[in-house]
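Notes follow the structure.
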Amino acid sequence: MTAAALPGFPRPVLRRRELSLLLAVAGTLILGSLSLGLTRTGSLALADPAGLVAYLGALVAVHVALVVAGRRVDEVLVPAVGLLGGIGLLLAERLPQDLVVQQVGSATLGLASLQLIWLVLALVIAAVVAITVRSDRWLRLYKYTWAALGLGLLLLTFVFGGETNGSRLTLDLGPVSGQPSELLKVILVVFFAAYLAENRVLLADARVGVAGRLTLPPAPYLLPAGLMLALALGIVVIQRDLGAALLFYVVFLCLFYLATGSKVDIALGIGLFLVGFMVLALVFPHVRDRVATWLDPWADPLGTGYQTIQALHAFARGGLLGTGLGAGLPMIDGHLPIPAVHTDYPLAALGEELGMAGVLAVLGCYLVVVARGLRVAAATADDVRALLCAGLALVIGVQAAIIAAGNLKLIPLTGITLPFISYGGSSLLVNGLIVGLLLAFSDRGPAPPVEPRRRRLGRDGA
Amino acid sequence: MDPLTLALWAIRLAFLAALYVFLALVVRALLRDVRAASRDPAGALGRLVVVASGSLPAVGSVFPLDAVTTLGRDLGCSVVLDDAFASARHAILTFRGRGWYVEDLGSTNGTLVNGVPVAVALSLGFGDELQIGEVRMRLERGIG
């Protein structure tokens, strides 16, 4: 590759590490597809080779686009996310295709085809954002505008939204429908990052004594954040999207701790959360049912406790190494044991077919994404960007942790998606946006110029 | 055992193993980055850690030091001190040979090293405390 670039065009930057990691991802996914194909057909064949090739092609296209764009952005995020997405695709191929059916034009698309389309679109968003976003001014300058926009979207959903599983989540705008609370998580992180960075010193140092040695930041500086959070939580609770409420609250606490380093505030925050949760459980029968199901799913094994019990059975059947892709999930009366397996319980399915080893590897991948995001945050030049990157990475990590814990019956199940693996257009696209922003903000600036090769006078005999 | 079952077992285990190989590769990449960061030349000579401060910089801030580092309220200084008692160009830290030296640049309120005012260029050891206005900073050894 020549060092001389065309004027106006950036010099391409080779990304060897990303390429080698992507090769490892490709190998892994091919093995997984072989395993599924062998179980299903009894012969050595890939399951859905076209889909696999299309997905790997999209990953390579993202890699090539980043190389050509010549920005020195993170090289681990794309492969890590690519592996998670690929596992999600394998799972979608493995599940019955009629779980989700959508008519696109004249073609009827099943679960795997739709998941593939959303995944590729998410990768496209990630690449476009990673290549084009250079400044975060447009994010930080208009933080209240963004916040208003996000809340407006939520209100719109509340008024016009359609109900799924007892929650008003989906907004249908003609042909387009989506879940605005997915986008709201990015908008809230932007708002919190800009706001906390601006008031960091005040929140941390200008403290007012409350009782004894207990101090709090002065109320005027705490109020906007508290109000914003209460509003978001209120709407989300009214919409009965408890998972999103929990996610927002945990991410807010994490960012607050990152900004101020105050352990007292975090303890207070957790205390407030516990009190709030008890009040919620007393007021809303919906929340009370969730908690009751969590504490004793066997009280109503064929009703509310059904999914929880089946998920536990799935993990138990999987054991250490799993039953193998395609070999688990026996049908009960022609139905899947876990009806919402593709959205709420993908981890239970993975637990059954890949075993504890597979689940731990998947959780390890999320850990890598979070670690990488925090590293990007630590390397940024200023507070807003640092908090923004940390918040975006934590959104993915905390969301994965909440739904994984819900699947394992460690906490009451809340209906949020397992990032990059669950089926769901809004979720995949927004997670693509998050990866794109993390990539864009991990830019290490232009590469130092390549030194011209010096002629060695002595040896050339000049 | 028929060969197909055997092949299935092998492929299943290989798939799980591949997941962990990928994770191992990623972890190796992460570790390499951490080591590279600790070899980063920025701040290799030393760094200033803020231990007490009236306003800005906040307590806990870390400034990697160049061989010549100016301190003061002026925005052109390498370390900007937003302190009411600091002069525009207050003091200068220089790395000469093997150690750090501090000089006061004729500031109004003076520069203190471990509580003693600096009169001439004074040698500064790692762990010494530098005070300008209300800001107290500790000189620490650089990473790596």
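We use all heavy atoms of the structure for the numbers below, so side chains are in, but hydrogens, waters and symmetry mates are not. A, B, ... follow the sequence lines: proteins, then strands. Residue 1 opens every chain.
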Counting heavy-atom pairs closer than 4.5 Å to chain B, which one of [options] comes out on top?
options: A/Pro79, A/Ala371, A/Ala24; result: A/Pro79
options: A/Val25, A/Val76, A/Leu83; result: A/Leu83
options: A/Gly355, A/Gly324, A/Gly27; result: A/Gly324
options: A/Leu34, A/Ile87, A/Thr323; result: A/Thr323

Structural part of B/Leu16 lying under 4.5 Å from a heavy atom of chain A
side chain
With side-chain contact (heavy atoms from CB on, under 4.5 Å) as the criterion, how do B/Phe15 and A/Leu90 come out once you've worked through the C-alpha distance, each side chain's angles and the decisive distance to 0.1 Å?
CA-CA 12 Å; B/Phe15 175 55; A/Leu90 281 177; 4.0 Å; yes
Which residue pairs pass the side chain to side chain donor-acceptor pair (under 3.5 Å) test with at least one member in residues 112-126 of chain B, sequence neighbours excluded?
B/Asn114-B/Asp128
Selection residues 36-47 of chain A - residue pairs positive for side chain to side chain donor-acceptor pair (under 3.5 Å), sequence neighbours left out:
A/Thr41-A/Ser43
Take atom CZ of A/Arg17 as the centre, draw a 6.0 Å sphere, and report whether it contains more than 12 heavy atoms from other residues, nucleotides or ligands.
yes
Rounded to the nearest 0.5 angstrom, the CZ-CG distance for B/Arg12 and A/Leu321 is 7.0 Å
Separation between CD1 (B/Ile11) and CG (A/Leu31), nearest 0.5 Å, reads 7.0 Å
Pick from B/Ala18, B/Ala17, B/Ala10: which one has the most heavy-atom pairs with chain A under 4.5 Å?
B/Ala18
With chain A as the partner chain, list the residues of residues 19-28 of chain B whose heavy atoms fall under 4.5 Å from it, by residue number, and write 'none' if nothing qualifies.
B/Leu19, B/Tyr20, B/Phe22, B/Leu23, B/Leu25, B/Val26
Residues 102-112 of chain B: residues contacting chain A (heavy atom under 4.5 Å, by number)
none
Please flag which part of A/Leu44 lies under 4.5 Å from any non-hydrogen atom of chain B: side chain, backbone, both or neither.
side chain
Are B/Leu30 and A/Arg372 close enough that some pair of their side-chain heavy atoms sits under 4.5 Å apart?
yes
